[in-house]
Amino acid sequence: MSLSRSFPRLRKRADFLRVARGRKVARPGLVLQMAPQERADGQLEPSKARVGFTASRKVGNAVARTRAKRRLRAAAQEILMTKARPGYDYVLIARQATLTRSFPELLDDLEKALQMISNPRSPNRRREPTQ
RNA sequence: CCAGAUGGUCGGAUGGCCGCUGGUUCGCUUUGCCUUCGGGCGGGCGGACGAGAGGAAAGUCCGGGCUCCACGGAAACACGGUGCCGGGUAACGCCCGGCGAAGGUGACUUCAGGGACAGUGCCACAGAAAGCAAACCGCCUGCCUUUUGCAGGUAAGGGUGAAAGGGUGCGGUAAGAGCGCACCGCUGCUCUGGUAACAGGGCAGGCACGGUAAACCCCACCGGGAGCAAGACCAAAUAGGGAUGGCAUUGGGCCCGUUUCCGGGCUGCCAUCCGGGUCGGUCGCGCGAGGCGGCUGGCAACAGUCGUCCUAGAGGAAUGGUCAUCCGAAGGGGCCUUCGGGCCCUGGGACAGAACCCGGCUUACAGACCAUCUGGCUAU
């Protein structure tokens, strides 16, 4: 496979709506959604995980929203590159705290959210409940 | 030095690590397309080089380019907009220069600034009276026996009001009044200066003609509509359509000739192609009323000319993330002081993200700097 450090992006509205129907986990700095990809006929190998980013008007004006998405993108590049599951699509939703939280905290939020969403019944969830 | 006015410029800096978008170029690769079999185009991966948000990118309020639709030309009506004069501009409701009015000691600022003899309407409350003249109090004259009162004159005084039929002064008068005169204002005619708005003057008239057009309205000028989700192209799927060929045309259904017989038309299935145009993709989409600098003309807006530069192009929307160092006004605290201030700590980085592109306007904005000018203080 390629040595690229980037990952495919979700760009279509239909993809975002599909992932929104999947599993969902909230952390102080972000909300993570995940759903399995639709495989083409005859496709055996799962394709690379894809990621999308969203910020609603609650986060702030246009400047605040794009900045929140940029921080999420930088965090996703560090975490999801290695730990995302192939064959799944992820959506990261910005919150108001996305802008104020320090970057290490944001990375920690994303890592915990990824663990929780991948093992919904693991002891992790009970030991560290969200909110 | 302090306070202020106007115009303009900028709007964090440097570096490390990791990324994104599109461009040029090199290498590897290719179940795609074309091929004269050399290759070319396209796709994928990687490397190198240089580029990548704003003064408002914002609000979407005006003016244009561009695109599609409508329309024979022109005009009129309706509707909407603009409204002192001259100039600038592709155009404007914008800009520049002037005029008038208002404010400021001043630099300067502000302005819905055409028409009230075309017509209609309105002018609340108060007040005697609000557009046509009018007498509430008062003043004066006469009558009457005095008070009460009656008749008449009077717009100078009081009172009301946003506004009361010119203002001030002198004369005049019973008291008054443009009744007379002077000055100011007004109206008409006229002269001078100015392209003009307008300004200044002369003569005449005793003064008549109130305000309101961000009330209807009148006049002059301007305007066809919708917008890049415009629009053009490629094109899975699906509904319906067409052409050709094959099968069926035994039969069924419907329609027509009144019915039967007989005849005609429509209706079926499959394949290929055309056409269609959804998801998706490509273009539109970056050389332009272009930026910067000089010279010339102009008070200026701006124009002309010469040189030079090419400078974002996304699409759940790139133009960054992170770390370090530096810089940063007011305010607060401390120390020093030659009372001008200096040093240290703290504090503290605004408004805001291109979405087809230009010209404006409006609104938001931490802070820094420059130029010109005004008023004041001090010194020479």
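So you know, we letter chains A, B, ... as the sequences are listed, proteins then strands, and number each from 1. Treat the numbers as computed from the prediction; the structure is a model and nothing was measured.
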Student: In the structure I gave you, are the side-chain heavy atoms of A/R27 and A/K112 within less than 4.5 Å of one another anywhere?
Tutor: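 Heavy-atom side-chain distance check passes, below 4.5 Å.
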Student: Should B/A301 be called syn or anti, with syn set as within 90° of 0?
Tutor: anti
Student: Any idea which heavy atoms bring A/R101 and A/G29 closest together, and the distance?
Tutor: CD-CA, 3.7 Å
Student: Using a 90° cut-off around 0 for syn, call B/G347 syn or anti.
Tutor: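 Anti for B/G347; the angle lies over 90° from 0.
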Student: Is there a donor-acceptor pair under 3.5 Å between the side chain of A/D109 and the backbone N or O of A/L30?
Tutor: no
Student: In whole angstrom, give me the gap between the P atoms of B/G119 and B/C94.
Tutor: 34 Å
Student: Quickly work out the A/L72 CG to B/G19 C1' distance and round it to whole Å.
Tutor: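 Checked: the CG to C1' distance equals 15 Å.
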Student: Provide the distance between the two C1' atoms, one in B/U31 and one in B/U244, to the nearest whole Å.
Tutor: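 B/U31 and B/U244 have their C1' atoms separated by 34 Å.
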Student: Partner of B/C181 by Watson-Crick or G-U wobble geometry, both contacts under 3.5 Å, or none?
Tutor: B/G169
Student: Please write out each protein N/O paired with an N/O of nucleotides 319-321 of chain B under 3.5 Å, distance rounded to 0.1 Å.
Tutor:
{"unit_1": "B/U319", "atom_1": "OP1", "unit_2": "A/R73", "atom_2": "NH2", "d": "2.9"}
{"unit_1": "B/U319", "atom_1": "OP2", "unit_2": "A/R70", "atom_2": "NE", "d": "2.6"}
{"unit_1": "B/U319", "atom_1": "OP2", "unit_2": "A/R70", "atom_2": "NH2", "d": "2.8"}
{"unit_1": "B/G321", "atom_1": "OP1", "unit_2": "A/R67", "atom_2": "NH1", "d": "2.9"}

Student: According to the Watson-Crick and G-U wobble definitions, with both distances under 3.5 Å, which nucleotide is paired to B/G100?
Tutor: B/C111
Student: Say you pick atom C1' in B/A177 and the same atom in B/G188; how far apart are they, in whole Å?
Tutor: 25 Å
Student: Which heavy atom of A/P28 sits nearest a heavy atom of A/A97, and at what distance?
Tutor: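 Here A/P28 and A/A97 meet closest at O-CB, 3.4 Å.
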Student: Excluding sequence neighbours, so at least two apart, what forms side-chain hydrogen bond (donor to acceptor under 3.5 Å, both in side chains) with A/T100?
Tutor: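 side-chain hydrogen bond (donor to acceptor under 3.5 Å, both in side chains) check on A/T100 returns nothing, list empty.
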Student: Any heavy-atom pair between the side chains of A/F103 and A/R71 that's under 4.5 Å?
Tutor: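 Yes, their side chains come closer than 4.5 Å.
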Student: If the glycosidic angle is within 90 degrees of 0 it's syn, otherwise anti, so just tell me which one B/A118 is.
Tutor: anti
Student: With rounding to whole Å, what would you report as the distance between B/G46 and B/C310 at their P atoms?
Tutor: 31 Å
Student: Under 4.0 angstrom, heavy atoms only, what part of the nucleic acid is A/N61 near: base, sugar-phosphate, or nothing?
Tutor: sugar-phosphate
Student: Please measure how far the C1' atom in B/A329 lies from the corresponding atom in B/G347, and state the result in whole Å.
Tutor: 11 Å
Student: What is the base-pairing partner of B/C136, counting Watson-Crick and G-U wobble geometry with both distances under 3.5 Å?
Tutor: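 By the stated definition (distances under 3.5 Å), B/G158 pairs with B/C136.
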Student: Let me know the distance between CD of A/E78 and C1' of B/C17, rounded to the nearest Å.
Tutor: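 In whole Å, B/C17 C1' lies 10 Å from A/E78 CD.
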Student: If you assign each of A/F53 and A/V63 to its closest nucleotide in RNA chain B, which residue comes earlier from the 5' end?
Tutor: A/F53
Student: Taking the same atom, P, in B/G59 and in B/A352, what whole-Å distance lies between them?
Tutor: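 Comparing P positions in B/G59 and B/A352 gives a spacing of 11 Å.
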Student: Paired with B/U260 by Watson-Crick or G-U wobble geometry, both distances under 3.5 Å: which nucleotide is it?
Tutor: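 Paired with B/U260, as far as the under-3.5 Å criterion goes, is no nucleotide at all.
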Student: Starting at the 5' end of RNA chain B, which residue's closest nucleotide do you reach first, A/R101 or A/L17?
Tutor: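 Checking each residue's closest nucleotide, the 5'-ward one belongs to A/L17.
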Student: Short question: side chain of A/R57, backbone of A/R65 - any donor-acceptor pair under 3.5 Å?
Tutor: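 No; judged by distance alone, with no hydrogens or angles, the pair does not exist.
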Student: Syn or anti for B/U89, with syn set at within 90° of 0?
Tutor: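 For B/U89, whose glycosidic angle is more than 90° from 0, the conformation is anti.
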Student: Please evaluate residues A/R18 and A/D15 with respect to the criterion salt bridge (Lys or Arg N to Asp or Glu O under 4.0 Å), reporting the C-alpha separation (whole Å), side-chain torsions for both, the decisive distance (0.1 Å), and the verdict.
Tutor: CA-CA 5 Å; A/R18 184 171 50 75; A/D15 288 330; 3.6 Å; yes
Student: Determine which nucleotide pairs with B/A48, using a 3.5 Å limit on both distances of a Watson-Crick or G-U wobble pair.
Tutor: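 B/A48 is paired with B/U24.
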Student: Give the rounded distance in Å between these two atoms: CZ of A/R65 and P of B/A318.
Tutor: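 Atom CZ in A/R65 sits about 12 Å away from atom P in B/A318.
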Student: Is A/K69 near enough to B/C20 that one of its side-chain N or O atoms lies under 4.0 angstrom from OP1 or OP2?
Tutor: no
Student: Is the glycosidic torsion of B/G340 within 90° of 0, making it syn, or is it anti?
Tutor: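 Syn, since the glycosidic angle lies within 90° of 0.
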Student: Using Watson-Crick or G-U wobble geometry with both distances under 3.5 Å, which nucleotide pairs with B/U14?
Tutor: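 B/U14 is paired, partner B/A324.
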Student: Cluster partners of A/V31, using ILVMFWY side-chain heavy atoms under 4.5 angstrom, listed by chain and number?
Tutor: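 Grouped by the 4.5 Å side-chain rule, A/L10, A/F16, A/V19, A/V91, A/I93 form the rest of the cluster around A/V31.
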Student: With a 3.5 angstrom cut-off on both distances, give the Watson-Crick or G-U wobble partner of B/C189, or none if there isn't one.
Tutor: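 Pairing partner, where one exists within any strand: B/G202.
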Student: Considering only the C1' atoms, how many Å lie between B/A56 and B/A366, rounded to the nearest integer?
Tutor: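 Nearest-Å result for B/A56 against B/A366 at atom C1': 16 Å.
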Student: When the distance from CZ of A/R57 to C1' of B/G353 is rounded to whole Å, what number comes out?
Tutor: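 In whole Å, B/G353 C1' and A/R57 CZ are 14 Å from each other.
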Student: Mind checking who B/A300 pairs with, Watson-Crick or G-U wobble, both distances under 3.5 Å?
Tutor: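 With both distances under 3.5 Å required, B/A300 matches none.
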Student: Say we look at B/C95 and B/C111: how far apart would their P atoms be, to the nearest angstrom?
Tutor: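 Straight-line distance between the two P atoms is 11 Å.
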